[in-house]
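Some notes on the structure that comes next.
What you see is a predicted model; the values in this text were computed from it and never measured.
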Amino acid sequence: MSERIAPPRAGAAHVDDQPRPGRWLALSVLVLAVLLVGVDATVLGLATPFLSEDLKPSGTQLLWIGDIYSFVIAGLLVSMGSLGDRIGRKKLLLIGSMAFGAMSVLAAYASTPEMMIVARALQGVAGATLMPSTLALIRNLFHDPRERSLAIGIWGAMASAGTAVGPVLGGFLLGHFWWGSVFLINLPVMLLLVVVGAKVIPESRNPDPGPWDVPSVLLSLVGIVGVVYAIKEAAVHGLRWDIGPAAVIGLLALVWFVRRQLTLDSPLLNMKLFQHRGFSGAVLADLLTILGLSGLVFFLSQFLQMVQMRSPLNAGLVELPAAVGAVGAGLAAGWVARRLSVRLVVAGGLAVVGLSLAGCMALHGDTGTLALCVILFVVGIGAGFAFTVTADVILSSVPKEEAGSASAVSETAYELGAALGIALLGSIVTSIYQGFAAPVGVPGHVVDAARSSLGGAVDAASQLPADQSAALLKAAQDAFVSGVDTAAGIGAVVLLGAAVAAWFLLRGQELADSAPVAQPATAPETAPVAGSGPVARGSERR
């Protein structure tokens, strides 16, 4: 990060640093996309039992339905963030929003597990355009660091609100309509975003981006998907002939991708961003946090509906406190981080989440609603503080011309962590679950169906006499809870490790209090360094 930005001419007004009119109205439209992604992620978990009953996916297919979206979006986020920097972030956001709506319709009317997997993959392609575009536009809309912190807090709060609205709205829809309706709720949000966003969101792009390197796009996609596929399949099925080649191809592609970025004049991803300790620390914290949380979150709705036998709406209301806690913490995160410290807020938030996950190791079938709500509320508070501050650090660490790429790195860490978490922790849950002892007298083919998934067990039990049905369902539920408890324990270890890493990597990091003042041409030695942003300048105090 040694390139220098030429200072403005003496006496020239620094127009780009002036407050942009209508920025708060534009923000209100941008967060619709974030709300949509949050809703989409949570309603899938609620719909899983109904989807399983209708489409009859195998255990592996069910995992693919849950994580293929994250695989694809993680593989394409960097490419799409860089593309937005080049063709315009607003243009990419609007195109992606329309595509996301169309793929939601395809998912809603999927008639086979394979069709659902394809639909979710295509949603991932469209979804890869949304999150980096919204964060990059926020970076360019808000030049004052305090305003930007508040805007990022609102952005994070709306993502959390999506996780709150999703279960409640999804529970209502699942109680009155078929499971595909949970995907159709995307359509009115997308329509509003496109129609209003086209009028109020200003366009922004890198004024000198260079060409979009297609080989780098392919390398990043092949690398991430190959590595994650190998980890997931090895965790579920053990070593197979295709896992080694997939891992090797993925790793080679990622190494080639990095080497290529270091040699290109206009790289898809500026690797020099990672020389900033705060940037790297924030990205690592995000990845580890989501990895530790995602496996548990993916199975939480199944626990509530198929172990505790709650209705979809009731399950959604139980999950609501997590989003409430995250919303409040996200809005206050910037203010708290300036009065305490970045590393204290991030590391403390992650430690709180880790300890809450440790508490989840005591989950059992008759755990009360109050206990569940308290645990999830505390998880939401810790995650809200950590994620909002790390997003602020990442965005503030780069010049606004590279905001799309930096936002994409942040979101890639998030999505890759989700994919790995579902693959690893989800596979652990599945492995423990499939080992449950079958009750005496239950036919072998019924036991095999029950071991495919918890949804399969509920369906299989319904076909047996009452005494055998209760015994089979109890054995399956106990095994599932044991798997979730184990996943929670592993997640707690990961989160506490992430807290320790954040404490050291974010040492001296602070959020800036005001926008940088333009320097006159007579003092070129004080020109800001590209890629160091307001956080890096004057904030790396030891």
Side-chain angles (χ1 to χ4, degrees), residues 19-20 22-39 41-42 130-131 134-168 189 282 285-286 289-290 293 319-353 356 373-374 376-396 407 410-411 414 502 506 509-515 534-535:
R20 186 185 293 272
R23 58 195 180 281
W24 295 106
L25 178 59
L27 175 67
S28 68
V29 178
L30 285 177
V31 296
L32 287 176
V34 181
L35 179 69
L36 173 69
V37 173
V39 168
T42 51
L130 300 181
M131 299 298 277
T134 57
L135 263 181
L137 286 165
I138 287 173
R139 174 69 175 86
N140 283 268
L141 280 169
F142 296 92
H143 304 128
D144 180 78
R146 286 183 177 273
E147 281 195 349
R148 185 166 60 242
S149 291
L150 179 57
I152 292 172
I154 294 172
W155 177 87
M158 288 301 287
S160 300
T163 66
V165 172
V168 176
V189 178
D286 285 350
T289 304
I290 291 298
L293 273 173
E319 296 179 29
L320 186 61
V324 174
V327 168
L331 291 175
W335 184 87
V336 174
R338 284 182 171 85
R339 278 150 184 79
L340 299 176
S341 72
V342 165
R343 76 168 180 171
L344 181 59
V345 172
V346 174
L350 299 183
V352 165
V353 177
S356 299
C373 289
V374 169
L376 292 174
F377 180 70
V378 175
V379 167
I381 290 176
F385 275 122
F387 285 134
T388 303
V389 175
T390 54
D392 202 337
V393 169
I394 289 169
L395 275 188
S396 302
S407 302
S410 172
E411 292 303 318
Y414 185 99
L506 297 178
Q509 196 72 36
E510 294 181 3
L511 301 183
D513 290 322
S514 59
V535 168

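The side-chain contact (heavy atoms from CB on, under 4.5 Å) test applied to Ala391 returns Ile152, not counting sequence neighbours. Evaluation of the side-chain hydrogen bond (donor to acceptor under 3.5 Å, both in side chains) rule for Thr388 yields no partner, not counting sequence neighbours. Remark: Val352 engages Ser356, Val378 in a side-chain contact (heavy atoms from CB on, under 4.5 Å) (not counting sequence neighbours). Remark: Leu30 pairs with Leu93, Thr134, Leu137, Ile138, Leu141, Ile201 by the side-chain contact (heavy atoms from CB on, under 4.5 Å) rule, at least two apart or across chains.
Of all the heavy atoms in Val345 and Ala337, the pair that sits closest is CG2-CA, 3.7 Å. Between Val353 and Ala383, the shortest heavy-atom contact is CG2-N, 3.4 Å. Here the closest non-hydrogen pair linking Ala333 and Val389 is CB-CG2, 3.8 Å. Across all their heavy atoms, Cys373 and Pro321 have their closest contact at O-CB, 3.6 Å.
To the nearest 0.5 angstrom, Phe387 atom CZ is 6.0 Å from Leu293 atom CG. One distance of note links CG of Leu150 with CH2 of Trp24; it measures 4.5 Å at 0.5 Å rounding.
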Output, in order, the C-alpha distance, side-chain angles, deciding distance and verdict of side chain to side chain contact (heavy atoms under 4.5 Å, CB included) for Ile290 and Asp286.
-> CA-CA 6 Å; Ile290 291 298; Asp286 285 350; 5.6 Å; no
